[in-house]
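What follows is a single structure, written as structure tokens, with notes after it.
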Amino acid sequence: MKPIISTVKGSRDFYPEEMAVRKWLYGRLQEVSETFGYQEYDGPFLEKIDLYAAKSGEELVKEQAFVFPDRGGDLITLRPELTPSLARMVAQKQGELVFPLRWWSFGPFWRYERPQKGRSREFFQWNIDLIGALGPEADAELVAIGATFLKQTGLKSDEVTILVNNRRLMEKALLDIAIPLELHKSVFRLIDRRDKLSPEAWESYALELGLTSEQFMNLVGLLGNTSLWEQSEELRRFFAALEVMGVREYVRYDPQIIRGLDYYTGTVFEARDRDGEFRAILGGGRYDNLVGDVGGSPLTGVGFAMGDVVVSLVLKKYGKVPAFQPSPAPILVTVFDEERLSVSTGFAARLRAAGLRVNCFTDATKLQKQLKFADKMGFRLVAIIGPEEAAQNQVAIKDLVSRTQTIVQQSEAATVIQQILAGG
RNA sequence: GUGGCUGUAGCUCAAUGGCAGAGCACUUGACUGUGGAUCAAGGGGUUGUGGGUUCGACCCCCAUCAGCCACCCCA
């Protein structure tokens with residue numbers, strides 16, 4: 001045997017079973033996106049590196065993007081995220097697009113990272129954005145979309161939660177406890193890292209940043225204040241909107257949610273599973289100057305991204321992924337022997353012409369083998385045309401679930417099959 | 001990019017430095033016109049890859065690749 005060339009590190013093969021999950025996931029998020037009136041779009045998979053240099057900068061491009069020169073010498077990047085492409089697409093046609101813009105997309109992305117659980121180098125991501133809407137109700141709509149999606153997949157509100165905070169509120173709260181503006185960026189980072197460090201390490205990290213022990217104590221108190229949101233007009237309206245949209249139970253205020261990305265300016269949120277076993281299922285928030293950064297007029301937006309890897313792990317853990325149906329066709333037409341091969345082939349074709357999905361054997365192997373194949377592939381029905389049936393233009397229809405068999409005229413077979421399938 | 005753990009049959013895993021095994025899966029038969037169960041038999045391995053130490057290496061050492069875990073970052 002020749003050695004098998006392995007897959008590229010961090011990439012995945014989608015065997016039919018995995019492909020079914022991906023397709024199912026796509027179906028759910030398409031449904032939710034369109035339920036809220038969002039239009040599907042996509043950008044190129046290949047982009048010039050300059051597109052990311054402008055905005056994402058540093059880490060994402062230098063360390064995490066797949067970059068290579070094309071034959072003309074330009075540096076090409078396999079897109080590590082969609083937002084810059086979105087910003088460009090909006091800026092390019094800013095004058096003719098109809099705002100507010102509601103757009104969603106699902107496609108592949110690449111990041112050159114060390115793969116581990118919930119993180120691969122090639123992954124699929126759902127991006128959904130609302131651009132050009134100002135009120136906190138817009139933020140609530142995006143969170144409601146995330147919550148509705150989770151709900152549609154069967155995840156319950158005691159299994160997953162969307163945690164929400166607001167950066168403007170946090171800025172104000174930090175000023176209230178006398179932490180000066182110039183420290184906010186590093187304090188945000190401090191807050192973001194709290195769960196990663198031991199309490200002692202976290203405290204010394206805080207003091208290293210230059211916080212006094214009084215400021216530190218106040219910060220700890222602040223992060224324990226789950227009612228902080230009530231001080232924000234924005235968040236009061238936000239939660240009220242979620243209430244009337246019927247998804248409030250999926251959403252919780254958490255003063256510790258900050259999100260790593262610097263471009264978030266207002267509401268930030270992320271979905272996590274109950275046990276906090278996995279990294280964030282989805283993450284997003286409100287951002288300013290999305291379009292301004294690439295040369296358009298300033299426009300604000302709110303949106304989130306969801307990778308396929310973590311959500312698949314969560315859905316699997318909570319048993320929400322539907323059982324795999326190996327065969328897309330419900331019926332298998334067997335081949336009795338060499339002489340009957342063309343009879344079966346022709347019969348299968350007539351069933352297809354009648355609108356049925358049909359799998360037809362192409363080799364005259366032992367019937368027992370074909371039935372075993374049918375069993376493993378999960379066919380509901382098997383058609384058998386032996387010499388006796390063939391002589392009278394009949395066919396035996398065997399129901400593998402009820403373990404019964406009926407003999408009918410071939411001309412009536414399609415109708416009979418449709419009845420059996422419809423009957424459950 | 002940094003540190004750690006693990007790579008043995010299709011899968012899950014055994015095997016004091018001394019003959020590479022089990023369960024499941026697979027193939028065949030019992031059953032020459034009928035699936036799941038049972039029974040019987042059988043096939044399957046360059047022990048991730050390449051070096052080294054040793055009389056002898058799945059086992060020890062080095063390198064490399066891959067998977068996983070923690071950083072980093074984030075979906």
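Below, chain A is the first sequence line, B the second, and so on; all start at residue 1. Just so it is clear, the structure is predicted and the values come from calculations on it, not from any experiment.
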Could you give the distance separating [M] and [N] at their [atom1] atoms, to the nearest angstrom?
N	M	atom1	value
B/rC58	B/rA41	C1'	29 Å
B/rG43	B/rG29	P	16 Å
B/rG7	B/rG48	P	8 Å
B/rA9	B/rA14	C1'	13 Å
B/rA20	B/rU8	C1'	8 Å
B/rC61	B/rG18	P	16 Å
B/rG45	B/rG21	C1'	11 Å
B/rU12	B/rA25	P	15 Å

Classify the side chain of [X] and the base of [N] as holding, or not holding, a donor-acceptor pair under 3.5 Å.
X	N	answer
A/Arg403	B/rG36	yes
A/Gln405	B/rU34	yes
A/Arg114	B/rG3	yes
A/Arg111	B/rA75	yes
A/Glu113	B/rA75	yes

Is there any protein nitrogen or oxygen under 3.5 Å from a nitrogen or oxygen in nucleotides 63-66 of chain B, and what are the pairs?
none

What is the pairing partner of [N], taking Watson-Crick or G-U wobble pairs with both distances under 3.5 Å in any strand?
N	value
B/rG44	none
B/rG18	B/rC55
B/rA37	none
B/rG67	B/rC5
B/rG23	B/rC11

Once you measure the plane-to-plane angle for [X] and [Y], does it fall in the parallel (<30°), tilted (30-60°) or perpendicular (>60°) bin?
X	Y	answer
A/Phe149	A/Trp126	tilted
A/Trp103	A/Tyr41	tilted
A/Trp202	A/Phe216	tilted
A/Tyr26	A/Trp104	tilted

For the residue pair [Y] / [X], report whether a side-chain donor-acceptor contact shorter than 3.5 Å exists.
X	Y	answer
A/Gln116	A/Arg279	yes
A/Asn166	A/Tyr253	no
A/Glu159	A/Tyr250	no

Does OP1 or OP2 of [N] have a side-chain N or O of [X] closer than 4.0 Å?
X	N	answer
A/Gln368	B/rU34	no
A/Lys366	B/rG29	yes
A/Lys117	B/rG67	no
A/Lys369	B/rU28	yes
A/Arg272	B/rC74	no

Base, sugar-phosphate alone, or nothing: which one does [X] contact when heavy atoms must sit under 4.0 Å apart?
X	value
A/Ala374	nothing
A/Arg340	nothing
A/Glu389	base
A/Lys376	sugar-phosphate
A/Glu388	base

| Ring centres of A/Phe124 and A/Phe106 under 6.0 Å apart? | yes
For [X] and [N], what is the distance between atoms [atom1] and [atom2] respectively, to the nearest whole Å?
X	N	atom1	atom2	result
A/Gln125	B/rA75	CD	C1'	5 Å
A/Gln116	B/rG1	CD	C1'	13 Å
A/Leu197	B/rA70	CG	P	15 Å
A/Lys398	B/rG35	NZ	P	7 Å
A/Phe373	B/rC26	CZ	P	14 Å
A/Asp192	B/rC74	CG	C1'	10 Å
A/Asn127	B/rA75	CG	P	9 Å
A/Ile407	B/rU34	CD1	P	14 Å

Side chains of [X] and [Y]: does their closest heavy-atom pair fall under 4.5 Å?
X	Y	value
A/Val343	A/Val335	no
A/Gln215	A/Pro180	yes
A/Thr300	A/Thr265	no

Looking at [Y] and [X], is there a salt bridge between them, counting it only when a charged N and a carboxylate O are closer than 4.0 Å?
X	Y	answer
A/Arg102	A/Asp129	no
A/Arg111	A/Glu122	no
A/Arg340	A/Asp337	yes
A/Glu270	A/Arg259	yes
A/Arg168	A/Glu171	no

In numerical order, the residues of residues 300-324 of chain A whose heavy atoms come under 4.0 Å of RNA chain B are A/Ala305, A/Gly307
The answer to which of A/Leu400 and A/Arg259 contacts RNA chain B further toward the 5' end, by nearest nucleotide, is A/Leu400
Would A/Phe109 pass as stacked on B/rA75, i.e. its ring centre under 5.5 Å from the base's six-membered ring centre and planes under 30° apart?
no
The nucleotide from B/rG35, B/rC73, B/rA75 with an atom nearest the side chain of A/Lys372 is B/rG35
Could you go through nucleotides 40-44 of chain B and list every protein N or O atom that sits under 3.5 Å from one of its N or O atoms, giving the distance for each pair?
none

